[in-house]
Number of protein chains: 2
Amino acid sequence: MESEQVTGAKEIPDIVVGRLPIYLRALQRMMEEGRRLTSSQELGERLGISAAQIRKDLSQFGEFGKQGTGYSIEFLAEQILHILQVNQVWEMVVVGAGDIGSAIARYQGFANRGFRVIKLFDSDPQKIGQEVGPFTIHNASELEDTIRQAGIKVAMIATPSASAQGVADRLVSAGVKAILNYAPISLNVPEDVQVQYIDPVIHLQRMTYYL
Amino acid sequence: MESEQVTGAKEIPDIVVGRLPIYLRALQRMMEEGRRLTSSQELGERLGISAAQIRKDLSQFGEFGKQGTGYSIEFLAEQILHILQVNQVWEMVVVGAGDIGSAIARYQGFANRGFRVIKLFDSDPQKIGQEVGPFTIHNASELEDTIRQAGIKVAMIATPSASAQGVADRLVSAGVKAILNYAPISLNVPEDVQVQYIDPVIHLQRMTYYL
DNA sequence: TAGATTGTTAATCGATTAACAATC
DNA sequence: TAGATTGTTAATCGATTAACAATC
């Protein structure tokens, strides 16, 4: 094909982007296992995804494999890290220091996967000043200052539902561009701000349909 | 159309089932707001989903609306509760009493949404016997007995990655049919067992692509 | 009645899969 | 070389959207 979109590079489907972190996680696991090479078939079997789909997805970004031998696990992982921009560490703030906020602030799983929590906030005077693992709970009134000064782009909301939209508005106004929301409520944000949701009940209800 | 699948009722696409909990959550929020009626258009605007899609999705299960007036929020919510089988309370066990396991055991958001945690397990002798909110941490060796005696069908895994597959195998052997896995690893389970995953890093990495 | 909104059909759009030449 | 596996094309499959008759 010789025609090309004038508007710029070809658009990568969102659903493809969404699978890259899954591929990356599997590749990093294989690295821990000491493996060197893999194939679209093996990766697909591990993940329950067809080999063709994995090859198709990866081909959107470049040619990372070798015919006959497959993919270097380390090389492919490195490529995906770059594509997802997680070959750097994104500093995050957590808003809401209840059970969930405290647990995610202390979560060990961010290390080596591109993220680090730098500060934990709450608006409850009873909680402000208390320690949660290595964190001191800060007054939520300092939210904007912290975000602006540290150039924070990523935040997690773990407040009650009633506060979540208000917190989101403040995060966005201070420059946050990606929000992971643990409050069970849909957020309205500008188009250029990414939002993802974690609500365990949504997942559970999806499963009980089949029981 | 007069033909009918001999194999049984028409198959509902998984992606449609996956949206029902989202609809339900929005409807329950509207109920809290004291609303009585809604429309596919309003619901769609709240959720960022097209009105046509919502009507199409719902039409897979029956006719729940009225031309000209829309949907009774309470009635539609009730119908979806039934479809998803969350018009009952599913008792759950949580395996792993670290930060995450303790937080989800105490999570207030399960109430009124069809789920209740009844027991929390860990294999660490240091933790067994300790209290976590209203729960006492039980020895993971009692897992199978508890599940069989209480007829538990739903479980959450919040162990380290290395233990997750082993725990899943034990859950399945004891009769669990739905697993929500917080460990960042893909699980292999029989076809008749549902698995859903919660890994915040997957969501975060999906967003950083666009930053 | 006039206006609004459903449920459904057909058309469109997009994603997945199958197949295979290229090549390591 | 023979075997294996990629990257890519074309075909298939499935999901979304647009449109509208039905009707509250």
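Because the structure is predicted, anything quoted here is derived from the model rather than measured.
An OP1 or OP2 oxygen of D:dC24 is reached within less than 4.0 angstrom by no side-chain nitrogen or oxygen of B:Tyr71. Note on A:Arg19: a side-chain N or O is less than 4.0 Å away from OP1 or OP2 of C:dT16.
Of the possible donor and acceptor atoms, one in the side chain of B:Gln205 sits under 3.5 Å from a partner among the backbone N and O of A:Arg113. A donor-acceptor pair is defined here as one N or O able to donate and one able to accept, closer than 3.5 Å; no such pair exists between the side chain of B:Ser161 and the backbone of B:Ala183.
Comparing A:Pro13 and B:Ser40, the nucleotide of DNA chain C nearest to each residue sits closer to the 5' end for B:Ser40. Each of B:Gln41 and B:Asp57 was assigned the nucleotide of DNA chain C with the nearest heavy atom; the assignment lying further toward the 5' end belongs to B:Gln41.
Note: CG (B:Leu76) to C1' (C:dT5) measures 14 Å, nearest angstrom. Taking atom CD of A:Glu63 as the reference point, atom P of D:dG7 lies 6 Å away to the nearest angstrom. Taking atom CD on B:Glu11 and atom C1' on D:dA15, their separation rounds to 15 Å, with Å as the unit. Going from atom CD of A:Gln60 over to atom P of C:dG14 covers 13 Å, rounded to whole Å. Between the CZ atom of B:Phe64 and the C1' atom of C:dT5 there is a distance of 17 Å, given to the nearest Å.
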Could you write out each protein N or O paired with an N or O of nucleotides 17-22 of chain D at a distance under 3.5 Å?
unit_1, atom_1, unit_2, atom_2, d
D:dT17, OP2, B:Ser50, OG, 2.9
D:dA19, N6, B:Arg55, NH2, 3.2

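Residues passing the salt bridge (Lys or Arg N to Asp or Glu O under 4.0 Å) test with A:Arg148, sequence neighbours excluded: none.
Here C:dG7 is the nucleotide among C:dC24, D:dA15, C:dG7 with the atom lying nearest to any side-chain atom of B:Ser59.
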Legend entry - Secondary-structure string, 5' to 3', Watson-Crick or G-U under 3.5 Å, | for another-strand partners, for DNA chain D: ..||||||||||||||||||||||

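No more than 12 heavy atoms of other residues, nucleotides or ligands lie within 6.0 Å of CD in A:Gln108, so this atom counts as exposed by the packing criterion.
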